[in-house]
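Please read these numbers as outputs of a predicted model, since none were measured by experiment.
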Amino acid sequence: MTGSRYAKNPTYCSKVILQAFYFGTGSKPVVQVFPSLVTVYDLPNYFSKAYKPQQVKYFK
């Protein structure tokens with residue numbers, strides 16, 4: 001799978017999440033790194049330290 005961080009096609013769930021934070025937060029530096037291919041388990045690593053997501057609740 002290949003793609004661009006700016007392209008809408010192809011798109012997939014983890015890319016949509018990262019695009020929302022990258023393009024939807026104005027001038028705040030929420031996303032530090034935005035790779036061409038966004039993997040689900042690496043999502044927390046793409047955020048800057050000040051805005052790093054935290055686990056609030058765990059459901060079984």
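- Side-chain atoms of Ser48 never come within 3.5 Å of backbone atoms of Gln32 as a donor-acceptor pair (strictly under, hydrogens ignored).
- When all heavy atoms are compared, the tightest approach of Val38 to Ser14 is O-OG, 2.8 Å.
- Leu18 and Tyr12 fall within a single hydrophobic cluster, where Ile, Leu, Val, Met, Phe, Trp and Tyr are joined by side-chain heavy atoms under 4.5 Å apart, directly or via other members.
- The hydrophobic clustering, which links ILVMFWY residues whose side-chain heavy atoms are closer than 4.5 Å, places Leu43 and Val16 apart.
- Residues that satisfy the ring pair (Phe, Tyr, Trp, His ring centres under 6.0 Å) test with Phe21, not counting sequence neighbours, are Phe47.
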Would Lys52 and Asn45 count as a side-chain contact (heavy atoms from CB on, under 4.5 Å) here? Give the steps. CA-CA 8 Å; Lys52 196 163 184 125; Asn45 300 325; 4.0 Å; yes
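- Residue Tyr46 forms a side chain to side chain contact (heavy atoms under 4.5 Å, CB included) with just one option from Ile17, Val30, Thr39, and that option is Thr39.
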